[in-house]
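It should be emphasised that the depicted structure is a prediction, and the values quoted were computed from it without experimental measurement.
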Amino acid sequence: MIFLINNNVIKKQLIYRIVEIVGKDNFLISASEMAPFKNGWRTQSGECKGVITPSTLLEMWKIIKLLVKNNKIILMQASNTSLTGGSTPNGKYDRELFIINTLKLNNIYLINKAEQIVALPGSTLYSLENKLRKFNRAPHSEIGSSCIGASIVGGICNNSGGALIKRGPAYTELSLFAQVNNKGELKLINNLGIDLGKTPEQILKKIDNGDIPKDKYFKTRKKASSYDYKKVIKDVNANSPARFNADKKRLFQASGCAGKIAVFAVRLDTFEKEKNEVTFYLSSNSPKDLTLFRRRVLQEVTDLPIYAEYIHREAYKVSKKYGKDAFLLIYYLGTSVMPIFYKIKSRIEKFFSNSRLFSNYSLDYILQYFVKIIPHPLSKKFDKINDKYEHHLIVKFDASIYSQIKFLASEIFKKKSKANFLHCTLKESKKLTLTRFVIAGANVRFARVHPKTNNNLLALDISLRRNDKNWNETLPKYLKKLIYKPIYVGHYFCHVFHREYALNKGVDPDIVKSKLLSELKKAGAKYPAEHNVGHSYIAEKNLKDFYKKLDPTNTFNPGIGKTSKKNKL
């Protein structure tokens with residue numbers, strides 16, 4: 001009894017200290033308040049004792065110090081897009097887990113004439129896009145990630161790839177972070193290449209106050225982006241993938257850390273924005289046409305396209321029917337509404353899941369019903385093209401290489417009866433881009449509301465070898481019996497594909513996943529490609545070793561990549 005009383009006293013003291021640091025409103029402990037932070041896009045929550053939302057970096061440092069001292073698990077989180085569950089709790093743990101959500105720490109400082117930035121952990125790609133617009137510059141990722149409110153630091157921590165071909169996976173060697181060493185000691189490490197003081201308090205106060213000289217040029221030899229990626233992707237004969245999460249070349253401190261350290265800031269390159277964009281929509285019934293086009297563009301054209309996004313016929317259909325609400329919101333109101341939309345959606349879903357009158361997916365049925373009567377803004381011309389052709393490629397590029405791209409596209413697609421070549425207007429380009437990037441949410445909706453499917457969508461994120469010409473999946477008969485509908489999209493020139501499967505009712509997703517990954521391993525593919533291992537994939541040995549080096553005591557995000565959740569102290 002004495003032990004229990006003392007334990008309760010310790011718990012009360014911890015709660016009191018947390019509230020003392022961040023304030024009562026920034027410490028959430030009720031199930032309804034924690035729901036948006038505990039649940040991911042495609043994942044359900046595990047154990048969590050509280051969600052802490054610090055308002056300054058100094059508060060964040062004090063909270064981490066307190067939790068480390070009390071031997072608690074720390075799960076760092078920003079926008080919580082969490083496609084593979086990496087930023088949400090998973091199952092049970094051997095210690096109490098607390099989420100530190102950083103969205104209030106959202107400052108972005110432009111340095112080196114806006115050619116670089118210092119971004120705090122809660123800053124988003126959407127905010128950075130707006131901040132850089134007047135300088136005619138852009139962040140690493142502009143399309144899909146910004147639409148769902150993804151954070152800048154989250155992209156770095158997960159080596160996110162994105163669709164923009166020239167920019168490669170998110171990467172930097174310049175960061176400010178805290179880690180716990182093998183003795184259990186918390187240290188703040190400043191590798192930003194900017195002198196901000198000696199003590200953690202001095203450093204963090206300066207950044208909180210924006211005390212970074214704006215006119216000074218901060219030189220460094222360290223990388224702040226994957227600027228070697230152009231060379232990597234152009235090597236179409238290489239017998240290895242262009243990018244994947246376990247690639248040793250992309251693992252460095254904050255880059256690829258998957259939350260195994262607490263990142264306070266990152267320093268990144270920005271990119272000159274293309275001024276004269278042209279979009280082609282290329283369609284064919286033969287995967288060989290797309291293979292030939294990719295190889296010839298990468299080998300023969302003087303510069304890389306901006307992006308080349310693959311859409312399979314079934315993915316197009318699912319997007320238009322089940323992604324309509326997201327499409328309409330973004331198209332008419334802009335990407336800024338999406339994080340708010342998903343937070344509200346998460347809260348309502350939590351209410352439904354606790355109700356006896358509604359099912360867990362009642363909101364999906366309701367939204368699907370209401371948008372059904374609203375016409376889709378994308379022209380029916382594209383529906384006819386989709387009915388006629390199975391494979392589609394949205395290719396966007398700068399006008400400076402227009403003649404080169406047009407020559408190859410005409411030669412491969414225009415002169416064949418079983419292919420189609422369309423030069424898109426600006427409006428068509430915008431609508432096609434949105435159609436592609438609401439597919440992820442549309443797939444989840446499809447699996448949830450279709451009467452013949454398992455509610456849990458099986459999503460794979462894979463990277464094929466650069467020289468692989470057999471990129472189009474042909475499912476063996478024994479798998480076809482288990483899968484109701486395969487849905488394919490991809491960052492085609494990178495050979496990164498998102499293969500998602502709506503399974504037949506009653507089929508175990510883990511069994512199908514195991515069989516699919518086994519087939520992919522034989523083909524020399526790597527997985528995951530860009531969403532990181534989360535709690536969905538087994539981390540490769542070198543990735544496990546990287547995590548262990550960063551976090552030898554297993555204080556931060558234990559269990560990531562199917563690793564141990566146990567305390568290593």
Side-chain angles (χ1 to χ4, degrees), residues 140-141 158-173 223 225-252 255-256 271 282 286-310 391 393 395-397 401 404-405 408-409 412 460-474 488-499 516-533 537 539-543 545-546:
H140 162 265
S141 183
N158 293 306
N159 281 144
S160 299
L164 299 172
I165 297 169
K166 301 176 188 180
R167 300 174 195 179
Y171 180 78
T172 187
E173 295 168 1
K223 293 179 183 178
S225 65
S226 300
Y227 55 73
D228 61 332
Y229 190 67
K230 287 185 181 181
K231 185 179 178 182
V232 172
I233 197 173
K234 276 182 167 289
D235 188 1
V236 295
N237 294 314
N239 195 35
S240 60
R243 57 178 169 93
F244 56 100
N245 284 127
D247 188 353
K248 289 182 180 180
K249 298 191 296 291
R250 310 295 178 196
L251 301 176
F252 187 87
S255 297
F271 302 86
L282 308 173
S286 172
K288 290 180 181 178
D289 289 340
L290 276 67
T291 299
L292 181 61
F293 181 74
R294 170 183 172 268
R295 291 179 65 85
R296 289 194 64 182
V297 169
L298 289 176
Q299 288 178 305
E300 299 173 24
V301 176
T302 52
D303 196 10
L304 290 170
I306 298 165
Y307 73 84
E309 288 298 291
Y310 170 74
H391 307 285
L393 199 62
V395 185
K396 186 180 282 191
F397 52 92
I401 55 172
Q404 297 173 70
I405 297 283
L408 292 174
I412 297 168
L460 298 184
D461 164 30
I462 67 164
S463 187
L464 300 180
R465 295 170 299 177
R466 283 167 281 176
N467 65 354
D468 199 339
K469 296 178 183 178
N470 298 316
W471 56 269
N472 184 45
E473 183 176 55
T474 303
Y488 306 127
V489 293
H491 311 309
Y492 186 66
F493 276 31
C494 301
H495 256 197
V496 167
F497 291 89
H498 299 287
R499 293 178 177 175
L516 286 167
L517 292 182
S518 178
E519 295 290 333
L520 286 166
K521 192 171 183 179
K522 291 176 190 175
K526 290 285 187 180
Y527 44 83
E530 61 178 9
H531 288 161
N532 218 322
V533 289
Y537 296 90
E540 291 186 14
K541 184 182 182 302
N542 67 290
L543 197 54
D545 291 343
F546 176 63

query = Do NZ/NE/NH1/NH2 and the carboxylate oxygens of Glu309 and Lys396 come within less than 4.0 Å?
reply =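 Salt bridge flag = no for Lys396 with Glu309.
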task = Please determine if Lys541 and Asp545 form a salt bridge, counting it only when a charged side-chain N lies under 4.0 Å from a carboxylate O.
result =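 A salt bridge is present here (some side-chain N lies under 4.0 Å from a carboxylate O).
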Any heavy-atom pair between the side chains of [Y] and [X] that's under 4.5 Å?
X      : Y      : value
His495 : Pro241 : no
Lys526 : Glu540 : yes
Leu282 : Ile412 : no
Val232 : Arg466 : yes
Ile306 : Ile165 : no
Ile233 : Phe493 : yes
Lys234 : Leu304 : yes
Asn470 : Asp468 : yes

I need the [X] [atom1] to [Y] [atom2] distance, nearest 0.5 Å.
X      : Y      : atom1 : atom2 : value
Tyr171 : Asp228 : OH    : CG    : 9.0 Å
Tyr307 : Leu393 : OH    : CG    : 10.0 Å
Asn159 : His531 : CG    : NE2   : 12.5 Å
Lys248 : Phe546 : NZ    : CZ    : 12.5 Å
Cys494 : Leu298 : SG    : CG    : 9.0 Å
Glu473 : Ile462 : CD    : CD1   : 7.0 Å

task = Just jot down the side-chain contact (heavy atoms from CB on, under 4.5 Å) partners of Lys469, sequence neighbours excluded, or say none.
result =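 With neighbours one apart ignored, the set is Thr291, Arg295.
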query = Would you call the rings of His498 and His491 parallel, tilted or perpendicular if under 30° counts as parallel and over 60° as perpendicular?
reply =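 Correct class here is perpendicular.
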message = With side-chain hydrogen bond (donor to acceptor under 3.5 Å, both in side chains) as the criterion, how do Gln404 and Thr302 come out once you've worked through the C-alpha distance, each side chain's angles and the decisive distance to 0.1 Å?
response = CA-CA 8 Å; Gln404 297 173 70; Thr302 52; 3.0 Å; yes
ask   = Looking at Tyr227, does the NZ or CZ of Lys230 lie under 6.0 angstrom from its six-membered ring centre and within 45 degrees of the ring axis?
value =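 That pair does not qualify as a cation-pi contact.
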Donor-acceptor pair, side chain of [X] and main chain of [Y], under 3.5 angstrom:
X      : Y      : result
Asp247 : Lys249 : yes
Arg167 : Ser225 : no
Arg499 : Tyr488 : no
Ser226 : Pro169 : yes
Glu530 : Ser160 : no
Asn245 : Asn158 : yes
Asn542 : Ala246 : yes
Ser463 : Val496 : no
His140 : Gly168 : yes
Tyr492 : Leu290 : yes

query = Can Val297 and Ile405 be said to form a side chain to side chain contact (heavy atoms under 4.5 Å, CB included), step by step?
reply = CA-CA 7 Å; Val297 169; Ile405 297 283; 3.9 Å; yes
task = Go through the steps for Leu164 and Phe271 under the test side chain to side chain contact (heavy atoms under 4.5 Å, CB included), then give the verdict.
result = CA-CA 11 Å; Leu164 299 172; Phe271 302 86; over 6 Å; no
task = With side chain to side chain contact (heavy atoms under 4.5 Å, CB included) as the test, would you mind laying out the steps for Asn237 and Gln299 before giving the verdict?
result = CA-CA 10 Å; Asn237 294 314; Gln299 288 178 305; 3.9 Å; yes
query = Checking side-chain hydrogen bond (donor to acceptor under 3.5 Å, both in side chains) for the pair Tyr310/Trp471: CA distance, chi angles, key distance, verdict?
reply = CA-CA 11 Å; Tyr310 170 74; Trp471 56 269; over 6 Å; no
request  = Could you walk me through whether Leu520 and Tyr527 pass side chain to side chain contact (heavy atoms under 4.5 Å, CB included), step by step?
outcome  = CA-CA 9 Å; Leu520 286 166; Tyr527 44 83; 4.0 Å; yes
